[in-house]
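Just so it is clear, the structure is predicted and the values come from calculations on it, not from any experiment. Numbering of ligands and ligand atoms starts at 1, following listing order. No hydrogens, no waters, no symmetry mates; every other heavy atom, side chains included, goes into these values.
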Amino acid sequence: MNENQPKYQPDTEAIRIQTERTWQMEHSTPMFLTSSFCYDNVEEMRATFADETDFNIYSRFSNPNVDEFVQKVCALEQAEAGYATASGMSAIFASFMALMKAGDHLLSARAIFGSTHTVVTKFLPKWGISYDYFDVTRPETVEALIKPNTKMIFVETPTNPGLDVIDMQFLADIANKHNIILNVDNCFATPVLQKPILAGAHLVTHSATKWMDGQGRVLGGAVVGKKELIKEIYAFCRSTGPSMSPFNAWVLSKSLETLHVRMERHCANALALAKALEKNTQLNWVRYPFLESHPQYAIAIKQMTGGGGIVCFELKGGLEQGKRFLDALKMLTLTANLGDSRSIASHPASTTHAKLTEDERINVGITPGFIRISVGLENIKDILEDIEQALEASKA
Ligand SMILES: *Cc1c(COP(=O)(O)O)cnc(C)c1O
């Protein structure tokens with residue numbers, strides 16, 4: 001857990017926040033690969049266990065590398081406090097478990113990350129926490145779904161994989177009116193492109209595995225927000241143990257130093273790709289938050305400073321063309337991750353969502369010809385050329 005007082009602009013903070021130098025006077029933060037920390041005497045140890053000092057105790061609770069990462073995420077999100085976890089899922093899970101109890105109700109967007117959907121529908125009910133889903137494209141239906149026991153509203157914007165966008169300020173107003181926690185998964189936009197807390201969210205969850213790492217190396221997660229909420233989450237995590245490894249924190253903290261410049265390039269490449277693909281006759285449609293044709297374009301430009309690094313489109317030839325398209329790619333990688341320096345293509349209907357029936361897939365916006373591109377940092381000419389040649393080659 002960490003509280004911070006920003007001194008500089010967020011992009012500078014992401015670079016300059018640093019663990020205090022050791023007597024070695026290193027310029028770059030070293031790795032603190034240690035499970036526990038020492039005390040000079042029993043009184044200091046007692047005081048630390050009694051929360052009377054800021055010293056570390058054990059790396060399940062806190063660690064200098066993890067604290068550095070958390071401080072940076074707090075500075076970027078303009079959050080009061082935060083806690084870092086082993087993965088995005090443990091951050092989301094901890095935010096649910098620490099703040100809801102049996103008898104409570106969660107109101108969640110339907111279009112959420114697959115594992116989050118599993119937690120919401122399979123595990124929360126097992127512990128007596130009920131849920132309802134709302135449709136991100138119909139924000140006017142949200143308020144009517146609130147019950148007296150609704151404790152939290154959970155949403156991703158833009159959504160994965162459909163890239164729908166919902167007005168965070170609108171949701172925050174509803175949440176505040178009913179005294180409910182608004183929890184936003186900000187993985188897709190990153191704090192570079194939108195800051196949900198400034199729009200009124202009380203909590204922000206992250207998978208640091210994606211754009212934050214940006215190079216597909218380590219898993220990580222974070223939850224940041226209101227001090228009193230993070231206090232509960234910290235207490236839950238400290239005892240249940242989903243803490244981030246100091247090694248991963250070291251990697252991720254370094255990654256945050258380049259997040260702003262990377263997101264600029266991801267967004268520029270993605271917008272150029274989306275615009276070029278809009279002219280392609282093989283496609284039914286192209287979806288990108290910063291395309292004027294996006295159904296929630298007005299909200300996207302209001303609350304985001306860039307459209308992000310994901311572009312989606314629908315192939316006219318459906319499932320079969322989807323398979324041929326992936327096989328015809330020469331440079332783009334077929335892999336489950338996203339938010340990498342290397343461009344990635346995925347075809348949910350034949351891979352991640354193949355077990356669903358076609359009707360179930362359509363319900364979450366995954367049509368047979370739906371393709372998701374995580375646009376990397378390569379030269380846009382190469383990205384576009386590979387996608388265009390694969391579209392040509394996959395023609396029926
Ligand atoms: C990947 C992802 C998660 C889960 O993060 P992990 O680090 O894989 O546990 C949660 N939300 C979104 C939107 C994601 O893309």
Side-chain angles (χ1 to χ4, degrees), residues 66 69-70 73 77 82-97 106 108-124 133 136 152-166 168 183-194 196 201 203-224 237 240-245 247-249 251-252 255-256 259 263 266 270 289 304 307-312 335-340 344-346 348 351-353 364-366 372-376:
V66 178
F69 170 73
V70 169
V73 178
E77 290 286 8
Y83 185 81
T85 55
S87 66
M89 282 321 303
S90 47
I92 292 168
F93 183 66
S95 74
F96 290 167
M97 295 318 280
L106 171 74
S108 169
R110 177 176 287 106
I112 47 174
F113 186 67
S115 298
T116 313
H117 168 75
T118 304
V119 169
V120 169
T121 57
K122 298 235 159 73
F123 295 113
L124 294 189
Y133 276 153
V136 167
M152 184 183 284
I153 297 177
F154 181 80
V155 73
E156 279 173 31
T157 179
T159 61
N160 178 16
L163 297 178
D164 280 313
V165 174
I166 191 165
M168 292 185 288
N183 185 354
V184 177
D185 179 338
N186 199 24
C187 170
F188 261 44
T190 81
V192 173
L193 306 180
Q194 73 183 14
L203 278 183
V204 174
T205 40
H206 270 288
S207 168
T209 315
K210 314 290 170 53
W211 307 100
M212 282 192 175
D213 174 54
Q215 289 144 89
R217 300 164 300 181
V218 299
L219 296 180
V223 46
V224 302
C237 292
T240 54
S243 40
M244 175 178 277
S245 111
F247 175 81
N248 288 10
V251 170
L252 290 166
S255 299
L256 290 182
L259 184 65
M263 289 315 293
H266 282 297
M304 301 173 77
I310 304 285
V311 175
C312 295
T335 181
N337 200 22
L338 64 91
D340 197 297
I344 295 164
S346 66
T351 58
T352 49
H353 294 72
V364 289
I366 299 169
R372 184 188 76 188
I373 307 287
S374 170
V375 185

Trainee: Show your working on side chain to side chain contact (heavy atoms under 4.5 Å, CB included) between Met89 and Leu219 and close with a plain yes or no.
Mentor: CA-CA 10 Å; Met89 282 321 303; Leu219 296 180; over 6 Å; no
Trainee: Counting N and O atoms only, with roles assigned by atom type, does the side chain of Glu77 sit under 3.5 Å from a partner on the main chain of Gly82, one being a donor and the other an acceptor?
Mentor: no
Trainee: Atoms of ligand 1 less than 4.0 Å from Gly88 heavy atoms?
Mentor: 5 (O), 6 (P), 7 (O), 9 (O)
Trainee: Measure from the side-chain N and O atoms of Thr209 to the backbone N and O of Gly220, and report whether any donor-acceptor pair falls under 3.5 Å.
Mentor: yes
Trainee: Against heavy atoms of Phe188, which atoms of ligand 1 measure under 4.0 Å?
Mentor: 15 (O)
Trainee: Check each of Ile166, Asn186, Asp185 against Glu156 using the side-chain contact (heavy atoms from CB on, under 4.5 Å) test, and report the only one that passes.
Mentor: Asp185
Trainee: Around atom 9 (O) of ligand 1, find the nearest protein heavy atom and jot down its residue, atom name and distance.
Mentor: Met89 N, 2.9 Å
Trainee: Quick test: of every protein heavy atom, which one is nearest to atom 2 (C) of ligand 1, and how far off is it to 0.1 Å?
Mentor: Lys210 NZ, 2.4 Å
Trainee: Below 4.0 Å from any atom of ligand 1, is there a heavy atom belonging to Ser90?
Mentor: no
Trainee: Distance to 0.1 Å, residue and atom name: give those for the protein heavy atom nearest to atom 4 (C) of ligand 1.
Mentor: Phe113 CE2, 3.4 Å
Trainee: Just by distance, with hydrogens left out, do Ser115 and Thr118 show a side-chain donor and acceptor under 3.5 Å apart?
Mentor: no
Trainee: Under the side chain to side chain contact (heavy atoms under 4.5 Å, CB included) criterion, do Ser374 and Trp211 qualify, and how do the steps go?
Mentor: CA-CA 10 Å; Ser374 170; Trp211 307 100; 3.8 Å; yes
Trainee: Where is the tightest heavy-atom contact between Asp164 and Thr157, given as atom of each residue plus distance?
Mentor: O-OG1, 4.1 Å
Trainee: Which atoms of ligand 1 sit under 4.0 Å from any heavy atom of Ser207?
Mentor: 1 (C), 2 (C), 3 (C), 4 (C), 5 (O), 6 (P), 7 (O)
Trainee: Suppose we call two aromatic rings close when their centres sit under 6.0 Å apart. Are Phe96 and Phe154 close by that rule?
Mentor: yes
Trainee: At less than 4.0 angstrom from any non-hydrogen atom of Ile92, what atoms of ligand 1 do you find?
Mentor: 10 (C)
Trainee: With heavy atoms only and a cut-off of under 4.0 Å, state how Thr205 meets ligand 1: side chain, backbone, both or neither.
Mentor: neither
Trainee: Report, in ascending order of atom number, the atoms of ligand 1 lying under 4.0 Å from any heavy atom of Gly220.
Mentor: 7 (O)
Trainee: Any nitrogen or oxygen of Thr209 lying under 3.5 Å from a nitrogen or oxygen in ligand 1? Just yes or no.
Mentor: yes
Trainee: Do side-chain atoms of His266 reach the backbone of Val375 as a donor and acceptor pair under 3.5 angstrom?
Mentor: yes
Trainee: Just go through Asp185, Asn186, Leu219, Val218 and tell me whose heavy atom is the nearest to atom 12 (C) of ligand 1.
Mentor: Asp185
Trainee: Quick check on contacts: which atoms of ligand 1 are under 4.0 angstrom from a heavy atom of Glu156?
Mentor: 13 (C)
